Number of protein chains: 2
Amino acid sequence: MKLSTRTRYGVRAILELAGNQDKGPMQIKTIAHRQDISVKYLEQLMTILKSAGFIRSVRGAKGGYILAKPANQIKLSDVFNALEGPVTTVECLENESSCKRAADCVTRQVWAEVQRAIESVLQSMTLQDLVDRTKDKKALSYQI
Amino acid sequence: MKLSTRTRYGVRAILELAGNQDKGPMQIKTIAHRQDISVKYLEQLMTILKSAGFIRSVRGAKGGYILAKPANQIKLSDVFNALEGPVTTVECLENESSCKRAADCVTRQVWAEVQRAIESVLQSMTLQDLVDRTKDKKALSYQI
DNA sequence: ATAATATACTACTAATATAGTAGGAATACT
DNA sequence: AGTATTCCTACTATATTAGTAGTATATTAT
């Protein structure tokens, strides 16, 4: 039940943008370097995030990417959904007709509970929350 | 973030055994037929469940599989773990040294919370709980 | 004993998804 | 014009999953 690198990299990339909101567009090159991700691969992830409406691009020199809306309006569950696909542990939860036993299937109920638990965590966090956590951490480390 | 059929089939198979505890060994053939799973594939899943210690086998004619311990002593989280592998959303949660940034990584914290949420659901259920749910459901359907 | 029935074991295969890589086109700034 | 950047499409390598195939071994029933 591992996350794909697509999701892990994508979340880290959009968090870079979220932590950089006021400083103009940020280039793929920069993000890729800071996060140790292949430039070409990240390029594709940014396309996903863009077409999902979380970020927008500025082409040409001095271009790059910026958040399309404030970081506190982007829930992690939405980003996750765009990158990893719907948090669906099993097909029959999206589409009941995919299994004739769905209606009275006990394991289906279990996977539904698992799914709700995951979604509940992800829905409770916005990008801004995570940026704030990072800042708290930095502030703390200065004291040491 | 889909579950593998390995896990889905495996859980359904062991639930068949759990619902059949007092009726002697149950054959792969029977389970495969009732659950619509390939006999040969299920054979492999039973091997996994057996070497994890949840079930034991009886060879030869009239043989089959039975639970190795009472259904209320088998937690779903353990079965899940044997089939799907550890509920680890990301490598660095199992092995901190796999990423040099692990110590102050915010996304790692997020995935840890997701993981805890999943585990908490699975640990709260035993096979017996699920068997009971099935029975409740059947009892209910008789009333209709 | 022998035949029938079941698991045990090992190896192979097909299909799919993931994680990239590669190359050039389009756009915008200087 | 030249440079820097995103945009688009296609390819490739690797791993995993899901399943198939065949034979060996153990146990029961006749």
Side-chain angles (χ1 to χ4, degrees), chain A residues 1-14 16-17 24-33 35-52 54-68 82-86 88-91, chain B residues 1-14 16-17 20 23-33 35-68 80 82-86 88-91:
Chain A
M1 210 149 184
K2 288 267 191 311
L3 291 174
S4 61
T5 63
R6 190 164 59 236
T7 300
R8 296 191 291 111
Y9 294 176
V11 168
R12 279 155 56 192
I14 200 171
E16 285 281 342
L17 297 188
M26 198 171 183
Q27 288 93 45
I28 285 184
K29 201 175 47 180
T30 311
I31 301 173
H33 181 251
Q35 293 288 336
D36 259 315
I37 304 173
S38 141
V39 169
K40 281 302 216 176
Y41 188 40
L42 183 55
E43 204 176 289
Q44 294 174 35
L45 308 186
M46 298 309 270
T47 303
I48 297 175
L49 292 171
K50 187 187 170 191
S51 55
F54 303 125
I55 63 182
R56 58 194 189 77
S57 62
V58 180
R59 295 176 75 156
K62 305 265 175 174
Y65 289 93
I66 52 179
L67 288 190
L83 291 164
E84 188 84 14
T88 312
T89 45
V90 288
E91 175 65 20
Chain B
M1 204 137 189
K2 290 268 194 308
L3 291 173
S4 61
T5 63
R6 191 164 59 239
T7 300
R8 296 191 290 113
Y9 294 176
V11 168
R12 279 156 54 194
I14 201 173
E16 285 280 343
L17 297 188
N20 207 54
K23 295 169 203 150
M26 198 171 181
Q27 288 94 44
I28 286 184
K29 202 174 46 179
T30 311
I31 301 173
H33 180 251
Q35 292 289 337
D36 257 315
I37 302 173
S38 142
V39 169
K40 280 302 214 175
Y41 188 38
L42 183 54
E43 199 177 294
Q44 293 174 36
L45 307 186
M46 298 309 270
T47 303
I48 296 174
L49 292 171
K50 187 187 171 192
S51 54
F54 304 125
I55 64 180
R56 58 193 190 74
S57 63
V58 181
R59 295 177 73 157
K62 304 263 175 177
Y65 289 95
I66 53 181
L67 288 191
F80 186 98
L83 292 164
E84 187 84 14
T88 313
T89 45
V90 289
E91 175 66 19

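All of these numbers come straight from a predicted model, not from anything done at the bench. Per chain, numbering begins at 1; letters A, B, ... match sequence-line order.
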Q: Taking all heavy atoms of A:Val58 and all of A:Pro25, pick out the closest pair and write down the distance.
A: CG2-CG, 4.1 Å
Q: Using only atom types and a distance under 3.5 Å, with no angle test, would you say the side chain of A:Arg12 pairs donor to acceptor with the backbone of A:Gln35?
A: yes
Q: For B:Arg56 and D:dT27, give me the distance from atom CZ to atom P, rounded to whole Å.
A: 12 Å
Q: Locate the shortest heavy-atom distance separating A:Ala52 from A:Ala82; write the atom from each residue and the value.
A: CB-CB, 3.8 Å
Q: Between atom CG in B:Leu3 and atom C1' in D:dA18, what is the gap in whole Å?
A: 15 Å
Q: Want to settle it: does B:Gly60 or B:Arg8 sit nearer the 5' end of DNA chain D, counting the closest nucleotide to each?
A: B:Arg8
Q: Do the non-hydrogen side-chain atoms of B:Glu16 and B:Thr30 ever get within less than 4.5 Å of each other?
A: no
Q: Report yes if a side-chain nitrogen or oxygen of B:Lys62 is closer than 4.0 Å to either non-bridging phosphate oxygen (OP1 or OP2) of D:dT27; otherwise report no.
A: no
Q: For residues B:Val90 and B:Thr88, report the shortest heavy-atom separation together with the two atoms involved.
A: O-CG2, 2.8 Å
Q: Going through the checks in order, is the side-chain contact (heavy atoms from CB on, under 4.5 Å) test met by A:Ile31 and A:Met46?
A: CA-CA 11 Å; A:Ile31 301 173; A:Met46 298 309 270; 3.9 Å; yes
Q: Would you name the heavy atoms of B:Leu45 and B:Gly10 that are closest together and state the gap between them?
A: CD1-N, 4.0 Å
Q: Listing time: all N or O pairs from protein to nucleotides 16-18 of chain C that are below 3.5 Å?
A:
none

Q: Looking at D:dA18, I'd like to know if its phosphate oxygens (OP1 or OP2) sit under 4.0 Å from a side-chain N or O belonging to B:Tyr9.
A: no
Q: Measure from CZ on A:Arg12 to P on C:dA19 and round the result to the nearest Å.
A: 12 Å
Q: Could you grab the distance from atom CG of B:Leu42 to atom CD1 of B:Ile37, nearest 0.5 Å is fine?
A: 5.0 Å
Q: If I take atom CG in residue B:Asp36 and atom P in nucleotide D:dA18, what distance separates them, rounded to the nearest angstrom?
A: 16 Å
Q: Just how far, in rounded Å, is C1' of C:dG20 from CD1 of A:Ile28?
A: 15 Å
Q: Using whole Å, report how far NZ of B:Lys29 lies from C1' of C:dA8.
A: 17 Å
Q: For B:Lys2 and D:dA18, what is the distance between atoms NZ and P respectively, to the nearest whole Å?
A: 12 Å
Q: Once you round it to whole Å, what is the distance between C1' of C:dT7 and CE of B:Met26?
A: 16 Å
Q: Could you encode protein contacts along nucleotides 7-13 of chain D as a string, one character per nucleotide from 5' to 3', using B for base contact, S for sugar-phosphate-only contact and - for no contact, with a heavy-atom cut-off of under 4.0 Å?
A: BB-B---
Q: Within the side chain of B:Arg56, is there an N or O that forms a donor-acceptor pair under 3.5 Å with the backbone of B:Ala68?
A: no
